[in-house]
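Take a look at the structure set out below.
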Protein chains: 2
Amino acid sequence: MRVAEHAGDGDLDTVLGKAVALLRAFGPEDRLLPLAELVRRTGLPKGTVHRVAGDLVHHRLLEKTDHGYRLAGGLFELGMRAATERTLLEVAMPFLQDLYERTHETVHLGVRDGTEVVYVAKIGGHRQARSPSRTGGRMPMHCTAIGKVLLAHTKPAVRAAVLSGPLPRRTPHTVVAPGLLEQQLGRALETGLAFEREESTPGLLCVAAPVLDTDGASALAAISVTGPVGRFRPEAHQNAVRAAATALASTLARRPGGL
Amino acid sequence: MRVAEHAGDGDLDTVLGKAVALLRAFGPEDRLLPLAELVRRTGLPKGTVHRVAGDLVHHRLLEKTDHGYRLAGGLFELGMRAATERTLLEVAMPFLQDLYERTHETVHLGVRDGTEVVYVAKIGGHRQARSPSRTGGRMPMHCTAIGKVLLAHTKPAVRAAVLSGPLPRRTPHTVVAPGLLEQQLGRALETGLAFEREESTPGLLCVAAPVLDTDGASALAAISVTGPVGRFRPEAHQNAVRAAATALASTLARRPGGL
DNA sequence: ACCGGGCGTTCCACTCAGCGGTACGCTGTG
DNA sequence: CACAGCGTACCGCTGAGTGGAACGCCCGGT
């Protein structure tokens with residue numbers, strides 16, 4: 001039973017709040033959702049859902065088929081205009097490509113939003129390991145390499161917030177002890193690298209490096225390489241990841257107006 | 001002077017219409033837009049723009065900075081959940097990567113929407129030619145290889161609509177005679193390939209192939225490789241492009257529920 | 001075959017969310 | 001200094017939006 005993500009602290013009293021609730025009722029893996037399911041997920045009255053969905057269809061944010069609604073291409077187009085993500089993606093693409101060619105493992109670019117990682121890009125080939133990450137998707141920071149490196153290179157308040165909050169266990173390897181995580185973050189800060197050893201997903205290893213801002217201390221983004229246990233050795237790629245992140249950072253630094 | 005894209009035939013009488021007008025006031029290259037510019041582009045009263053923008057900020061669809069508003073990451077995240085684009089991107093990625101590695105030129109994945117191409121992916125490296133295409137962006141079909149191949153493999157009504165409408169000249173090489181374009185489309189249909197020779201952008205050449213649907217006739221999408229005049233020879237890559245498109249088509253055909 | 005549950009669509013009297021003109025303080029420029 | 005332009009806040013008014021109810025259709029179970 002999936003309930004729509006908070007449209008914005010429950011304000012289903014406004015048209016916009018309802019529309020956003022409807023859009024956010026679609027999960028990352030959903031294809032078509034019938035009207036009745038949208039009603040269940042939003043808790044809005046049927047007539048309202050029907051009307052707002054119809055309006056969203058009119059505005060090309062939803063698409064209606066015989067079997068239900070789905071998020072429309074107009075939303076994809078709008079989403080790809082988000083200035084920060086768009087720019088980062090465009091500038092980072094060549095570096096991500098190089099890294100992919102060098103490793104032939106899954107390459108990720110991510111940013112921090114609040115206390116989570118948001119993936120801006122995911123590049124993989126035919127032999128990519130099955131990873132639950134998704135462009136535009138989110139993961140916790142404490143159990144992902146990319147998240148740890150972002151956490152290590154961000155404001156202490158954010159770090160404290162994550163360390164003092166729950167560190168949900170996702171696998172038997174997840175580090176759930178704040179002390180242990182803090183040590184990992186310290187090491188990430190020293191070395192400019194973080195590793196992930198089946199902490200978020202069984203069978204997956206990862207190494208990540210920060211894309212530093214012009215202050216040289218905080219991370220704008222991070223780049224990682226992920227591969228499967230057995231074949232993948234994170235240490236073997238750490239220099240390539242670090243080089244890519246450093247090169248991207250310096251390219252971004254040279255841009256007028258920054259990100 | 002840029003006016004916001006039609007929110008949906010001018011319905012600025014509704015909250016949703018206004019919100020969408022505001023979001024679509026941001027162009028593909030815009031970074032920050034101050035409130036006054038949003039007022040100018042939408043034609044909405046200042047107080048209304050201020051209020052709706054504030055609501056959109058609240059819902060993480062816009063972001064407010066000292067110097068103006070920009071489309072927010074929440075919109076990027078929503079956009080990346082669009083089912084059709086998301087699926088296509090995910091399934092196509094390995095094929096696009098292979099093609100990039102083989103050519104080291106810019107690789108595009110596009111779909112048809114109405115009488116335009118919408119780019120779903122753009123993959124390029126450090127030496128990529130300067131191309132105006134953009135993920136989530138649109139181009140006319142008549143002067144792009146990817147557009148021509150989509151046009152050749154779609155319903156005759158669409159083809160007729162494009163051929164009977166204006167074929168705007170974008171470069172001295174743009175084909176603006178319907179008869180000539182029709183011949184190119186015929187050839188694209190026979191050969192399963194279309195070429196672009198500086199028709200959309202001076203200095204750019206391109207070859208594209210359709211990703212056919214299970215009916216073997218209509219195109220779900222198309223893949224292209226683009227490079228600069230002088231270095232790039234489209235004919236040299238035509239087999240690789242066709243192979244990638246064919247492989248992708250067959251992978252999509254094997255998916256339960258299709259796209 | 002019949003029944004009931006669930007689906008999607010439509011309607012309309014009512015109401016409060018949304019509206020935008022106005023006022024104000026601030027900033028930058030000539 | 002004056003003025004234009006900016007962004008923010010306010011509030012009486014009203015019509016856009018509401019959602020309960022009704023209806024027809026479909027499907028699965030007995």
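Given the structure is predicted, the values throughout are model-derived calculations rather than measurements. The sequence lines fix the lettering, A, B, ..., with proteins before strands; numbering per chain opens at 1.
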Boundaries of the chain A footprint along DNA chain C (any atom under 4.0 Å from a heavy atom): C:dC7 to C:dG18
side-chain hydrogen bond (donor to acceptor under 3.5 Å, both in side chains): pairs with one or both residues in residues 109-119 of chain A, sequence neighbours excluded: A:Arg112-A:Thr154, A:Asp113-A:Arg138, A:Glu116-A:Arg138
Sequence neighbours excluded - salt bridge (Lys or Arg N to Asp or Glu O under 4.0 Å) pairs with any residue from residues 66-76 of chain B: B:Glu63-B:Arg70
Pairing residues for B:His126 by the side chain to side chain donor-acceptor pair (under 3.5 Å) criterion, not counting sequence neighbours: A:Asp98
Length of the line joining A:Asp55:CG and D:dA16:P, which is rounded to integer Å: 13 Å
Residues forming a ring pair (Phe, Tyr, Trp, His ring centres under 6.0 Å) with B:His153, sequence neighbours excluded: none
Side chain to side chain contact (heavy atoms under 4.5 Å, CB included) partners for B:Leu163, two or more places apart: B:Arg159, B:Pro178, B:Leu181, B:Glu182
Touch class at under 4.0 angstrom, heavy-atom based, for A:Thr14 against every strand present: sugar-phosphate
Salt bridge (Lys or Arg N to Asp or Glu O under 4.0 Å) partners of B:Glu85, counting only residues at least two apart: none
Rounded distance in Å - CG (A:Leu56) to P (D:dG17): 12 Å
A:Pro132: partners by side chain to side chain contact (heavy atoms under 4.5 Å, CB included), with sequence neighbours left out: A:Met139, A:Thr201, A:Leu204
Residue of the set B:Leu96, B:Thr106, B:Leu109 for which side-chain contact (heavy atoms from CB on, under 4.5 Å) holds with B:Lys122: B:Thr106
Which residues share a side chain to side chain contact (heavy atoms under 4.5 Å, CB included) with B:Val111, sequence neighbours left out: B:Leu88, B:Val118, B:Val120, B:Ala221
Rounded distance in Å - CG (B:Leu12) to P (D:dG15): 18 Å
Contact pattern, 5' to 3', of nucleotides 2-12 of chain D - B, S or - by protein heavy atom under 4.0 Å: ----SBB----
Terminal helix-axis angle for the helix from C:dA1-D:dT30 to C:dG30-D:dC1, with five pairs defining each axis and rounding to 10 degrees: 40°
Distance-only donor-acceptor pairs under 3.5 Å for side chains of residues 247-259 of chain B, two or more places apart:
unit_1	atom_1	unit_2	atom_2	d
B:Ser250	OG	B:Arg254	NH2	3.3
B:Thr251	OG1	B:Ala247	O	3.0

